Visitor: 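Just dropping this structure here.
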Amino acid sequence: MDVTKDLAYAPADPPGTQGHLLDLYLPRSARPAPLVIFSSGSGWLADSGRQGADQVAAQLNPRGFAVAGVAVRSSGQALFPAQLHDIKAAIRWLRAHATTYHLDPGRIAVMGDSSGGWVTAMAAVTGDIPHLEGDVGTRGPSSAVQAAVPFYPPTDFLQMDTHMVDACKPFNAVFGLTGCHCDPRSPESLLLGCPIKDCPDQVAAANPLTYVGARPTPPFLIVHGERDLFVPYHQSRLLYEKLAAAGDEARLVSLPRAGHGPFAAMLTDQETRRDAYEETAQQGRTTPPRPMTLSWQTVVSFLEQRLRAPSAK
């Protein structure tokens, strides 16, 4: 594995911050490698999206995948849609530098957890939509991706509170709130710069479901714990059902015993994964829930199938 850290995909904004940095973990490969972009969650409160990419690379590099750990700006540094503009800028930068780093620009997936799962979903459903591209960093290359793996992503902010575990008490305690996700100081309200109940148009713009159905969407592998105290499981079910209704390819893995991650435990810890089940949708057809064992191999197999290299002629 070759590791290159602190690559700037755009100038720091504000100066001295880390929201426009990425780390690259490259496998030793004779052919250009498919790329998995990873961005970790922080409730949009930190520009620390590169954290955890080393864990992903440790699993994916030996299977021939390059991994980029990508940071986006925090809500304290810039309001939405800056975070969407950032991930798109990172995708474009990586495509523009694909030859330099021996990457395959036609085989890119995006993956993340929590608010990083939201980044993942938003990037996947808005590729190359002109008015959502922003003006951050490199312009020209496509911002589209070929697959998405969001872990416990927020989707429709206004539907979160109704489905919170334990009447939102744990969430309020951790974040020092009284009004759950609708609180003016909630992570979602801080992301949008307004209490989410007061700005439904902004909430809709930040909802990946808004963009599903207008055009084909890349395949999704969605993972969520049913005991999640921060992002209710219902958020991923909304995403899966919208993708299924649109005829897009989607797979939802539900973990009845899992909470809000960590994502690596969902793939390795026996108790966390116990009683997992999956549902799939493709071309308007769905499968009923069936038991499965979630692991890193689940992710690898999904990526290998969706980022398969073209057959040599």
Side-chain angles (χ1 to χ4, degrees), residues 1-2 9 22-40 52-70 87-88 90-113 116-117 119-128 141-151 153 208 212 215-223 239-240 243 248-253 263-264 267 278 280-283 292 294-313:
M1 180 195 303
D2 294 323
Y9 64 83
L22 63 82
D23 298 336
L24 266 179
Y25 301 81
L26 303 175
R28 292 180 173 88
S29 172
R31 301 180 62 182
L35 172 66
V36 176
I37 294 170
F38 178 80
S39 191
S40 64
D54 55 340
Q55 298 178 63
V56 178
Q59 296 292 330
L60 298 188
N61 277 172
R63 272 91 162 189
F65 294 93
V67 173
V70 173
I87 191 64
K88 287 173 168 288
I91 295 166
R92 295 193 301 263
W93 187 94
L94 286 158
R95 277 207 166 93
H97 293 82
T99 300
T100 301
Y101 295 105
H102 207 46
L103 306 172
D104 186 336
R107 294 190 290 157
I108 297 179
V110 62
M111 172 177 168
D113 68 319
V119 166
T120 295
M122 287 294 290
V125 299
T126 65
D128 294 333
S142 171
S143 69
V145 297
Q146 284 67 58
V149 187
F151 287 77
V212 174
R215 58 195 187 130
T217 295
F220 269 73
L221 170 61
I222 310 163
V223 180
L239 177 58
Y240 170 75
L243 290 165
D248 293 317
E249 180 182 345
R251 184 178 181 186
L252 173 63
V253 177
F263 78 92
L267 301 171
E278 67 175 344
T280 61
Q282 189 170 15
Q283 297 180 340
M292 60 93 68
L294 181 64
S295 68
W296 275 107
Q297 187 56 47
T298 309
V299 176
V300 169
S301 296
F302 173 81
L303 294 171
E304 286 178 341
Q305 291 172 12
R306 276 70 191 178
L307 302 183
R308 184 180 292 116
S311 299
K313 294 183 179 179

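Predicted model only: the values in this text are computed from it and were never measured. Throughout, numbering of the chain's residues begins at 1 and tracks the sequence.
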Visitor: If we only count heavy atoms from C-beta on, is the T120 to V149 side-chain gap below 4.5 Å?
Guide: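 Not touching, per the 4.5 Å side-chain cut-off.
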Visitor: Check whether any side-chain N or O of T126 sits under 3.5 Å from a backbone N or O of M122 as a donor-acceptor pair, and report yes or no.
Guide: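 At least one qualifying donor-acceptor pair exists.
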Visitor: The test is side chain to side chain contact (heavy atoms under 4.5 Å, CB included); show your working for V70 and W93 and say whether it passes.
Guide: CA-CA 11 Å; V70 173; W93 187 94; over 6 Å; no
Visitor: Hey, could you give me the OG1/CD distance between T217 and E249, rounded to the nearest 0.5 Å?
Guide: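 Output value for this atom pair is 11.5 Å.
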Visitor: With a 4.5 Å cut-off on side-chain heavy atoms, are L103 and I108 touching?
Guide: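 They are not in contact (no side-chain heavy atoms under 4.5 Å apart), so the answer is no.
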Visitor: Taking all non-hydrogen atoms of both residues into account, name the closest pair between D128 and R215 and its distance.
Guide: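 In this case the closest contact between D128 and R215 is N-NH2, 4.4 Å.
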Visitor: To the nearest 0.5 Å, what is the distance between CG on L24 and CG on L94?
Guide: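 With rounding to 0.5 Å, CG (L24) is 6.0 Å from CG (L94).
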Visitor: Below 4.5 Å, heavy atoms only, C-beta onward: do M292 and V253 meet side chain to side chain?
Guide: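 Heavy-atom side-chain distance check passes, below 4.5 Å.
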Visitor: How close do P27 and A66 get, counting heavy atoms only, and between which atoms?
Guide: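 Closest approach of P27 to A66: CD-CA, 3.6 Å.
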Visitor: To the closest 0.5 Å, what do you measure between CD1 (I222) and CZ (R251)?
Guide: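 Here the interatomic distance stands at 11.5 Å.
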Visitor: Taking the side chain as every heavy atom from C-beta outward, state whether L60 and L303 have any pair of such atoms under 4.5 Å apart.
Guide: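 Contact flag for L60/L303 side chains = yes.
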Visitor: Applying side-chain contact (heavy atoms from CB on, under 4.5 Å) between R107 and each of L35, V36, L307, V145, report the one that passes.
Guide: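 Among L35, V36, L307, V145, the one that satisfies the side-chain contact (heavy atoms from CB on, under 4.5 Å) with R107 is L307.
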Visitor: Is there a donor-acceptor pair under 3.5 Å between the side chain of R95 and the backbone N or O of A144?
Guide: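 Checking the backbone N and O of A144 against the side chain of R95, a donor-acceptor pair under 3.5 Å is found.
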Visitor: Can you tell me how far apart CD1 (I87) and CZ (R92) are? Round to the nearest 0.5 Å.
Guide: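 Between atom CD1 of I87 and atom CZ of R92 there are 10.5 Å.
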Visitor: Taking C-beta and beyond as the side chain, do E304 and F65 meet within less than 4.5 Å on heavy atoms?
Guide: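 Yes; the side chains approach each other to less than 4.5 Å.
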Visitor: For G117 versus P150, what's the shortest heavy-atom pair and its separation?
Guide: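 Reported closest heavy-atom pair: O-CB, 3.6 Å.
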Visitor: Considering all heavy atoms of both residues, which atom of K88 and which atom of S143 are nearest to each other, and what is their separation?
Guide: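 Taking every non-hydrogen atom into account, NZ-OG, 3.2 Å.
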Visitor: Might you point out which heavy atoms bring R306 and A147 nearest each other, and give the distance in Å?
Guide: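 Result for this residue pair: CB-CB, 3.9 Å.
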Visitor: Any non-hydrogen side-chain atom of V67 less than 4.5 Å from a side-chain atom of N61?
Guide: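 Yes, at least one pair of side-chain atoms sits under 4.5 Å.
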Visitor: Quick check: F38 with F263 (ring centres under 6.0 Å apart)?
Guide: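 Centroid separation for F263 and F38: below 6.0 Å.
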Visitor: P218 versus Q146: any side-chain heavy-atom pair under 4.5 Å?
Guide: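 When only atoms from C-beta onward are counted, Q146 and P218 do not touch, as no gap falls below 4.5 Å.
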Visitor: Could you give the distance from OH (Y240) to CG (D248), rounded to the nearest 0.5 Å?
Guide: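 One gets 12.0 Å once the value is rounded to the nearest 0.5 Å.
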Visitor: Report yes if some heavy atom in the side chain of H102 is under 4.5 Å from a heavy atom in the side chain of L26; otherwise report no.
Guide: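 Heavy-atom side-chain distance check fails, nothing below 4.5 Å.
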Visitor: Is the Y101 ring parallel, tilted or perpendicular to the H97 ring (thresholds 30°, 60°)?
Guide: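 Tilted: the ring planes of Y101 and H97 meet at 30° to 60°.
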Visitor: If you take all heavy atoms of W296 and Q55, which pair is closest and at what distance?
Guide: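 Heavy atoms only, the tightest pair is CZ2-O, 4.3 Å.
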